[in-house]
Amino acid sequence: MKVVGTIAEVREYVGAAKRRGESVGFVPTMGYLHDGHLALIRRARAENDVVVVSIFVNPLQFGPNEDYERYPRDLERDIALAETGGADLVFAPSVSEMYPRPMLTYVNVEKLSEGMCGASRPGHFRGVATVVCKLFNIVTPDRAYFGQKDAQQAAVIKRMVGDLNINVQTVTVGTVREPDGLAMSSRNVYLDAGQRSAALVLSKSLSLARRMIEAGERDAGKVRDAMTRMIQSEPLARLDYIALVDAEDLVPLDRLSGPVLIALAVFIGNTRLIDNILVEVGGCPPTASP
Ligand code: PAF
């Protein structure tokens with residue numbers, strides 16, 4: 001596996017692969033890799049001739065009071081893990097390589113970026129869409145892989161790709177969880193033992209929602225209220241939002257039907273965690289439990 005830091009090196013590597021007729025899979029990450037990232041890399045490995053992983057903590061997607069500075073970083077470990085997953089090339093650029101001068105051009109995916117995490121983190125999805133667009137232009141992958149845990153991000157990127165005719169197929173890979181149900185996240189490292197156990201309230205409240213729907217509940221307000229009560233019963237948790245939305249366009253639902261995304265964000269101490277499930281209401285059986 002090769003590790004490079006410049007755009008020119010990526011272009012040379014990918015250009016040579018394409019001249020050989022090879023397909024390119026791409027996994028963009030902010031590093032501090034965990035099993036969730038490895039699932040993306042392994043999927044890319046299985047579906048492509050060449051696998052490129054980027055490791056870049058993107059300043060553009062962090063708000064002024066967010067955790068950009070203290071976001072966990074461990075490049076040596078990430079490189080070893082990416083290799084374990086089967087990556088061929090790791091692209092780990094500096095901030096100045098990605099942003100050599102002040103940006104005047106941004107990608108803003110309207111509507112899809114505005115609710116849920118977008119409401120709590122203004123500018124976040126503009127930063128995500130812009131860097132992913134840049135990375136797509138640098139790597140020119142055939143397929144790019146994103147985690148279902150960041151469901152809104154996956155929807156935003158999918159829409160950007162469609163609206164801007166970017167020649168890449170986006171693939172969403174299911175959330176990887178710890179054995180007790182906690183969704184894997186680089187930010188889990190911030191949690192102390194008490195907070196780690198309190199964080200289970202996210203997946204438990206999603207399981208509660210699923211049970212209510214399976215028992216026939218179709219009133220989104222009632223499901224949200226029950227989830228809210230459960231989260232409020234955890235002293236270390238502070239609810240940011242709960243959303244029950246159409247899984248395609250992320251529009252909030254009053255009555256639950258069709259593919260429904262149930263998503264939430266909760267502060268555990270100062271750490272903001274997100275999680276979600278997809279439920280097919282009234283149709284096929286629901287997807288795997290958290
Ligand atoms: O999901 C992430 O890790 C980031 O938002 C991404 C897609 C790598 C863009 O910086």
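Counting starts at 1 for both ligands and their atoms, in listed order. Positions are given from 1, in the same order as the sequence printed here. From a predicted model like this one, the values you see are computed outputs, not experimental measurements.
- Relative to the ring axis of Tyr13, Arg19 does not place its NZ or CZ within 45° and under 6.0 Å from the centre.
- Judged by a 6.0 Å distance limit and a 45° cone about the ring axis, Arg70 is positioned over the six-membered ring of Tyr190.
- Annotation: cation-pi pair Arg126/Tyr106 present, NZ/CZ under 6.0 Å from the ring centroid and within 45° of its normal.
- Aromatic ring pairs are classed by plane angle as parallel below 30°, tilted from 30° to 60° and perpendicular above 60°; the pair Phe56 and Tyr99 is tilted.
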Quick check for students: name every N or O atom pair between ligand 1 and the protein closer than 3.5 Å, with distances.
unit_1: ligand 1; atom_1: 1 (O); unit_2: Gln153; atom_2: OE1; d: 3.4
unit_1: ligand 1; atom_1: 1 (O); unit_2: Gln153; atom_2: NE2; d: 2.8
unit_1: ligand 1; atom_1: 5 (O); unit_2: Gln61; atom_2: NE2; d: 2.9
unit_1: ligand 1; atom_1: 5 (O); unit_2: Gln153; atom_2: OE1; d: 2.7
unit_1: ligand 1; atom_1: 10 (O); unit_2: Gln61; atom_2: OE1; d: 2.6

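- Of the listed residues (Asp246, Leu253, Ile277), just one forms a side chain to side chain contact (heavy atoms under 4.5 Å, CB included) with Val260, and that residue is Leu253.
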List the steps, then state whether salt bridge (Lys or Arg N to Asp or Glu O under 4.0 Å) holds for Arg187 with Asp67. CA-CA 10 Å; Arg187 290 189 169 97; Asp67 56 345; 2.8 Å; yes
